[in-house]
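All residue numbers refer to positions in the sequence shown, counting from 1.
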Amino acid sequence: MMRTSVDAQRTDQTLSQEGPHGQIRKPIAITMGDPAGIGPEIILRALARAPEMGLEGPFVVYGCPGWMEAVARRLGLNTGFLEVVPVTKVPEDLPVGQVSAAGGEAAFQAVYRAAQDAMAGKVRAVVTAPLSKAAMNLAGHVYPGHTEILAEVGGNVPVRMMLANEELRTVLVSIHVPLREAVSSLSTAGIVETIRLTDAFLHMTGIQAPRIAVAGINPHAGEDGLLGDEEIRVIGPAVQEVRALGIDASGPWPPDTVFMRARGFAEFDVVIAMYHDQGLIPVKYLGVDEGVNLTVGLPFVRTSPDHGTAFDIAGKGIAQPNSLLAAMRMAERLSGKSEARN
């Protein structure tokens with residue numbers, strides 16, 4: 001029988017575990033995601049595999065206990081390892097694999113409540129399963145994605161998206177905007193803020209002297225103005241400004257080679273990319289299953305698998321939890337380092 005935390009206010013008390021040296025270890029929240037997508041399925045599979053992967057947790061799911069139990073029965077999975085904070089109720093007849101307001105509402109409530117509990121110190125990190133922006137908008141919650149919800153709950157703090165795996169980290173100056181807008185809106189202030197948030201995040205998670213590479217936006221980083229002058233007018237001044245603050249940033253570097261120089265963290269610990277695809281293609285090329293989405297700038301650790309709701313395969317029992325496991329592993333590692341510093 002599934003164990004359900006019926007009092008979310010006691011989540012930290014009922015689920016916290018004693019660590020190896022007697023300290024109390026707070027749980028890591030995993031949000032259910034859109035119930036009509038693959039979120040519940042990969043969560044159940046990931047939690048079943050967590051012990052063999054060396055993940056200690058504890059992990060607690062924020063969502064609908066009844067829906068999680070129904071998915072577990074369909075998959076033939078034991079739910080004895082599962083704890084659910086009941087923050088929403090999903091209709092039993094919700095169509096799997098389809099965008100719906102009910103699915104969007106459930107996904108939104110799970111994320112919002114988990115973020116609130118992270119802010120209250122009840123959980124030490126949040127791992128978010130995929131949600132559908134279209135479904136969430138149908139439910140009346142108009143946000144571009146997870147990041148904006150989390151930033152709001154976190155106090156409307158400035159945030160940036162990081163995509164990382166065991167070989168490469170990249171942080172984006174702009175995220176989900178058209179390429180033309182990403183270029184036209186590029187500003188020295190925005191790049192400076194991105195670098196400062198990244199530097200603070202890396203320090204928080206245990207990197208003592210972060211080496212930050214800043215990519216150019218034009219071929220060959222503008223070739224001294226011959227192929228574009230954004231590097232001279234906008235990006236270069238941002239690098240100089242943060243260097244004056246004591247941050248080890250360099251660039252702008254040609255974007256076609258800087259990611260290779262950072263691979264394996266050889267020359268740089270992170271690359272600041274000017275727009276979405278510039279930063280995400282190199283990380284995803286190294287393996288989508290290993291990529292983890294992190295939100296830089298929040299007062300708590302947030303990670304997410306690097307894929308969407310996959311409505312086309314939801315309910316078929318074939319979704320794999322590899323990227324979610326990578327997100328859980330990174331949340332466990334980073335939140336442990338963050339707690340040790342506090």
task: May I ask you to test the Tyr143-Lys133 pair for a side-chain heavy-atom distance under 4.5 Å?
output: no

query: Any chain of hydrophobic side-chain contacts (each under 4.5 Å) joining Val99 to Met136?
result: no

Arg124 side chain reached by Arg25 side chain, heavy atoms, under 4.5 Å: yes

message: How close do Lys26 and Gly121 get, counting heavy atoms only, and between which atoms?
response: NZ-O, 2.7 Å

- request: Following the transitive rule for hydrophobic clusters with a side-chain heavy-atom cut-off under 4.5 Å over Ile, Leu, Val, Met, Phe, Trp and Tyr, establish whether Val157 and Met119 coincide in one cluster.
  value: yes

query: Any side-chain heavy atom of Arg196 within less than 4.5 Å of one from Leu245?
result: yes

task: Considering non-hydrogen atoms only, spot the tightest contact between Arg45 and Pro321 and give its length.
output: CB-CG, 3.9 Å

task: Give the minimum heavy-atom separation between Leu94 and Pro35, together with the two atoms involved.
output: CD2-CG, 3.6 Å

- prompt: Is it true that a side-chain atom of Thr88 and a backbone atom of Ala107 form a donor plus acceptor pair closer than 3.5 Å?
  reply: no

message: Run Val292 and Ser323 through side chain to side chain contact (heavy atoms under 4.5 Å, CB included) and show every step you take.
response: CA-CA 7 Å; Val292 176; Ser323 187; 5.6 Å; no

field: Donor-acceptor pair, side chain of Thr303 and main chain of Ala327, under 3.5 angstrom
entry: yes

- prompt: Who passes salt bridge (Lys or Arg N to Asp or Glu O under 4.0 Å) against Arg329, sequence neighbours left out?
  reply: none

- prompt: So, does Thr128 use its side chain to make a donor-acceptor pair with the main chain of Ser304 at under 3.5 Å?
  reply: no

task: Calculate, to the nearest 0.5 Å, the distance between atoms CG and CZ belonging to Leu172 and Arg160 respectively.
output: 9.5 Å

statement: Result for side-chain contact (heavy atoms from CB on, under 4.5 Å) between Thr31 and one of Val126, Val61, Val85 points to Val126

- request: Answer yes or no: is there a side-chain heavy-atom contact under 4.5 Å between Leu44 and Val71?
  value: yes

message: Working to the nearest 0.5 angstrom, can you tell me the gap between Trp67 CH2 and Glu92 CD?
response: 9.0 Å

- prompt: With a 4.5 Å heavy-atom cut-off, do Phe268 and Ser250 have their side chains touching?
  reply: yes

- prompt: Does CG in Asp312 sit with more than 12 non-hydrogen atoms of other residues, nucleotides or ligands closer than 6.0 Å?
  reply: yes

Residue that, paired with Arg169, satisfies side-chain contact (heavy atoms from CB on, under 4.5 Å) out of Leu163, Ile207, Thr198, Ile212: Ile207

Residue pairs involving residues 167-189 (criterion ring-ring contact (aromatic ring centres under 6.0 Å, His included); sequence neighbours excluded): His176-His276

field: Rounded distance [0.5 Å steps], CD in Glu230 versus CD1 in Ile191
entry: 9.5 Å

- prompt: Can you find a pair of side-chain heavy atoms, one from Met328 and one from Met53, that are under 4.5 Å apart?
  reply: no

- line: For Ala262 and Leu168 the tightest heavy-atom approach is CB-CD1, 3.7 Å

- request: Examine distances only and state if a side-chain atom of Glu231 and a backbone atom of Ile217 form a donor-acceptor pair shorter than 3.5 Å.
  value: yes

message: For the backbone of Phe265 and the side chain of Glu167, can you confirm whether one donor and one acceptor N or O come within less than 3.5 Å of each other?
response: no

statement: With sequence neighbours left out, the residues meeting ring pair (Phe, Tyr, Trp, His ring centres under 6.0 Å) with Phe311 are none

field: Any Ile149 side-chain heavy atom under 4.5 Å of His141 side chain
entry: no

task: Decide if atom CD of Glu52 counts as having more than 12 heavy atoms of other residues, nucleotides or ligands within a radius under 6.0 Å.
output: yes

Shared hydrophobic cluster for Leu197 and Val177 (ILVMFWY, side-chain gaps under 4.5 Å): no

message: To the closest 0.5 Å, what do you measure between CE (Met161) and OG1 (Thr194)?
response: 13.0 Å

task: Kindly say whether Leu55 contributes a backbone atom to a donor-acceptor pair with the side chain of Glu332 at under 3.5 angstrom?
output: no

message: With a 4.0 Å cut-off on N to O distance, would you call Glu166 and Arg333 a salt bridge?
response: yes

- request: Determine, using the 4.5 Å side-chain heavy-atom cutoff (strictly less than), whether Ile318 and Leu77 are members of one ILVMFWY cluster.
  value: yes

- request: Keeping the roles fixed (side chain from Thr79, backbone from Leu82), state whether a donor-acceptor pair exists under 3.5 Å.
  value: no

Side-chain heavy-atom pair Ile313, Ile38 within 4.5 angstrom cut-off: yes

message: Minimum heavy-atom separation for Ser335 and Ile28, please, with both atom names.
response: OG-CD1, 4.2 Å

message: Between Val127 and Phe59, does the side chain to side chain contact (heavy atoms under 4.5 Å, CB included) criterion hold? Intermediate values first, please.
response: CA-CA 10 Å; Val127 179; Phe59 297 98; 5.5 Å; no

query: When rounded to the nearest 0.5 angstrom, what is the spacing between CG in Leu294 and OG1 in Thr205?
result: 8.5 Å

field: Val111 vs Tyr62, side chain to side chain contact (heavy atoms under 4.5 Å, CB included): CA-CA, chis, key distance, verdict
entry: CA-CA 8 Å; Val111 172; Tyr62 280 61; over 6 Å; no

query: Under the 3.5 angstrom rule, does the side chain of Arg233 hit a backbone N or O of Thr188 as a donor-acceptor pair?
result: no

- prompt: Do Arg211 and Asp248 meet the salt-bridge criterion of a basic N to acidic O distance under 4.0 Å?
  reply: no

- prompt: Roughly how far, to the nearest 0.5 Å, is the CZ atom of Arg49 from the CG atom of Leu325?
  reply: 5.0 Å

- prompt: Looking only at heavy atoms, what is the nearest atom pair of Val87 and Ala110, with distance?
  reply: CG2-CA, 3.8 Å

- prompt: Does the side chain to side chain contact (heavy atoms under 4.5 Å, CB included) test come out yes or no for Arg302 and His146, once each step is laid out?
  reply: CA-CA 10 Å; Arg302 177 261 175 163; His146 277 110; 3.3 Å; yes

field: Candidate list Val173, Val214, Val171, test side-chain contact (heavy atoms from CB on, under 4.5 Å), partner Ile195, passing option
entry: Val214

query: Linking I/L/V/M/F/W/Y whenever their side-chain heavy atoms sit closer than 4.5 Å, directly or via other members, would Tyr275 and Leu227 fall into one cluster?
result: no

